[in-house]
Amino acid sequence: MSDLLARLNPPQREAVTLPSTHALILAGAGSGKTRVLTTRIAWLLANDLVSPHGILAVTFTNKAAKEMQARLSALLPIHPRGLWIGTFHGLCNRMLRAHWRDAGLAQTFQILDSADQLATIKRLLKAANVDVEKYPPRELQSFINAHKEQGVRAGAAEAWDHYTRKKVELYAEYEAQCQREGVADFAELLLRCHELLIRNEPLRQHYQARFRHILIDEFQDTNRLQYDWLKLLAGGGAALFAVGDDDQSIYAFRGAEVANMRDFEQHYAGEHVIRLEQNYRSAGNILAAANALIRNNRARLGKNLWTDAGEGELLRVFESPSDLDEARAVVDEIRALMDEEGVSPDQIALLYRSNAQSRALEHELFSRGLPYRVYGGLRFFERQEVKHALAYLRLIANPDDDTAFLRVVNFPVRGIGARTLEILQTTARQLNTSLYNAAASLSGKAGATVAAFIRLIEQIRDETRARPLPESIARVVQSSGLDAHYRADKREGEERLANLDELVNAATLFMGEHTAPNVAAASEAEDDVLVAFLTHAALEAGEHQAETGQAAVQLMTVHAAKGLEFDAVFITGLEQGLFPHDNALEDHDGLEEERRLMYVAMTRARKRLYLTHAQSRLLHGQTRYALPSLFLEELPPEALKHITAITPRQPAWSYNSGFSSRPRPAPVVPPLPELPGGLTIGSNVRHAKFGFGVIVDAETGSDARVQVNFGSAGMKWLALAYAKLEKA
DNA sequence: TAACATTCCGTTTTT
DNA sequence: CGGAATGTTA
């Protein structure tokens, strides 16, 4: 047991060995947060302060939950059973499955992912004859989710104007429709679970008595409903142990409330606030720079990271004339890191603020033959062929699932067109039943084709009855016609078939992990396994992309990089308007969140940090000129080393780096307007009133005018004859 | 119904 | 510019 504590520093140890009390652990980046969380659980168990049964550990992502499981197994001699470790959604789902009747849900209720939810909303708008121009489905979706995440049902939603009243009305209809179809969206899982515990006193008391220690990871990311859920569960005297970092709160845009941390500190943690400030990840200069940056934020709980690892190298600031030059400079540097310093490519990360920026970087990496991997994009269970196969399974488990019905009723095509579906949908609405049930009431030719589809589903249900899940899925793929359809598709059929095979494999894997050995015999369990697998598919959409196999340079947004670390990190596109992003600045806390984002990005680096920016960038089809990011100015100059990779408008292939790329054709440069005073587009200038800026456009002639981007002072057209512009 | 044309839009995203 | 999402035509 003393082993558990041996490798902890004093504050970590203090956190781990806290008595059974509420506590807030302010864990800075790289300060051993996950270690503290898992060691705390292990310590409680090892000292018999709680039984495994009494532990509830909550994370946001499946990845974090899995890591916690794994690290706990490593800490304990035998892995205890009965612990509840999971995501908010996973845990709520678990409770709702156990108490589906009390929660007012169908026994086999299905979970809608975001795409399913959007499809459901679109269908609802169409049925209600709502103008989608006036009420965009996406907007309604976020309206509904935002309300649910605040714990607000349609009945309780406030609406002061006609427009909002209509949205609330649609929200109510959406609730009713989901209920009718036996489906629940992500937010519904949390809200429904919260309501269940509020309304059902015996159940509430049961769980309140059961969980003695509730531990929460990434507490700064909780929304209001999640916090309420935690407080409710802890209402029976459980100790809440919240770990988080307000400086790494980067999800306010999706409802996370950092204010929960301050509230928790005041109302729960009290004097049990522990700061983990020793950083084990980054070199001193990197930390010093990150600290200096984040000090510019006003709303903070306060924290300063330190390290005893030494200063390390200076941060390198790269300036390039254009985004293409930036990409070239970055890839040159990556080559050098790999060839001359022996850095493994998977220890190099290219970070950017927005996904669109990956293009130029990818292009350069590709043409230079460097292995790379881009995070983001389609995940396994989100692929259309996988979703189609799952929709057949969903229909078998729950015929009322109209979303699943509509997805596959005419896929592969079986002559059930829009006209037929319109009739079917009208009939279903009149009978107040599902499309599946309404099918029997159709007559004529339309009725016959739809009836054939229903027979097909019934047939598949029979075929798959009492069969192991993987085999059932294989049959579905066959009998539904998906197999034949993709076999006939020359272009991408092969890949899709491979993914369907992979789905069968996923089911096999799932069975191995989730089925108790003795349950397999029970015929009743068949349905349960199917529902469990469908739930798994919805709750864990799988990896973002297939592994490339070889070690590759990692490309991702700054958001996606949270929680990761690399030897060398490039933060690219550090320009006003991009990072910090223009759209973020409209919000009052916007700039601070962007700064936290920059802080997260910087603290990903262990040894080397590159900060790159370009003077011009191709954006939305036209060249934009921008000033270097405000964040660069907030870094301590003594920690930086400036490298102007290429001087403006010089040939791009003649700069530094021993790497000799093949000669490139000279870039086609449109002639720039000639302006008096040696000014041109891209020149840095200073104005008495507006400060520093960049010339982004110009009109020549006797009354020459220039457009100047003054950053925070805005974009101005100035007449050269009057405005006293100085070259800067 | 599917291929083709047109229009619109452009930050971050897990469950 | 490039994609996603519509709209149009054979």
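Since we're looking at a predicted model, the values are computed, not measured. Chain identifiers are assigned alphabetically (A, B, ...) following the order of the sequence lines, protein sequences preceding nucleic acid strands; residue numbering begins at 1 within each chain. The analysis underlying the following values was restricted to heavy atoms, covering all of them including side chains, and did not include hydrogens, waters or symmetry mates.
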Ring centroid separation [X] to [Y] under 6.0 Å:
X	Y	answer
His613(A)	Phe579(A)	no
Phe88(A)	Trp229(A)	yes
Phe366(A)	Tyr372(A)	no

Compare the minimum distances between each of [options] and the side chain of [X], then state the nucleotide with the smallest one.
X	options	value
Tyr251(A)	dG10(B), dT13(B), dT15(B)	dT13(B)
Thr87(A)	dT13(B), dT11(B), dT15(B)	dT15(B)
Arg254(A)	dT15(B), dT13(B), dT11(B)	dT13(B)
Phe186(A)	dT15(B), dT11(B), dT14(B)	dT15(B)
Lys122(A)	dT6(C), dA5(C), dT14(B)	dT6(C)

query = Is Phe253(A) stacked on the base of dT12(B) when the test is centres under 5.5 angstrom and planes under 30 degrees?
reply = yes
task = Report yes or no: is the ring centroid of His559(A) under 5.5 Å from the six-membered base ring centroid of dT12(B), with the two planes under 30 degrees?
result = no
Rounded to whole angstroms, how far apart are [atom1] on [X] and [atom2] on [N]?
X	N	atom1	atom2	result
Glu382(A)	dT15(B)	CD	C1'	11 Å
Tyr375(A)	dT12(B)	OH	P	18 Å
Glu586(A)	dT12(B)	CD	P	15 Å
Asn93(A)	dT14(B)	CG	C1'	15 Å
Phe579(A)	dG10(B)	CZ	P	20 Å
Asn145(A)	dT15(B)	CG	P	15 Å
Gln248(A)	dT12(B)	CD	P	20 Å
Arg596(A)	dT11(B)	CZ	C1'	15 Å

note = Nearest-nucleotide check on DNA chain B, His89(A) vs Ala418(A); residue mapping nearer the 5' end is Ala418(A)
Exceeds 12 heavy-atom contacts within 6.0 angstrom, atom CZ of Arg138(A) =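 No, CZ of Arg138(A) has 12 or fewer neighbouring heavy atoms, counting only those of other groups under 6.0 Å.
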Please determine whether a side-chain nitrogen or oxygen atom of [X] lies at a distance below 4.0 Å from atom OP1 or OP2 of [N].
X	N	value
Asn355(A)	dT13(B)	yes
Arg359(A)	dG3(C)	yes
Arg379(A)	dT15(B)	yes
Thr557(A)	dT13(B)	yes
Asn410(A)	dT1(B)	yes
Asn62(A)	dT15(B)	yes

message = Applying a 4.0 Å non-hydrogen cut-off, can you work out what Leu618(A) is touching in the nucleic acid: base, sugar-phosphate, or nothing?
response =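 Leu618(A): no heavy atom of the nucleic acid under 4.0 Å.
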ask   = Checking all strands, does Val413(A) fall into the base, sugar-phosphate, or nothing category for heavy-atom contacts under 4.0 angstrom?
value =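 Touches sugar-phosphate only.
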message = Say we look at dT6(C) and dT11(B): how far apart would their C1' atoms be, to the nearest angstrom?
response =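 Approximately 24 Å lies between the C1' atom of dT6(C) and that of dT11(B).
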ask   = Can any side-chain N or O of Thr420(A) pair as donor or acceptor with the backbone N or O of Ile416(A) at less than 3.5 Å?
value =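 Judged by distance alone, no pair lies under 3.5 Å.
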task = Could you walk me through whether Thr222(A) and Asn260(A) pass the side-chain hydrogen bond (donor to acceptor under 3.5 Å, both in side chains) test, one step at a time?
result = CA-CA 7 Å; Thr222(A) 49; Asn260(A) 288 344; 3.1 Å; yes
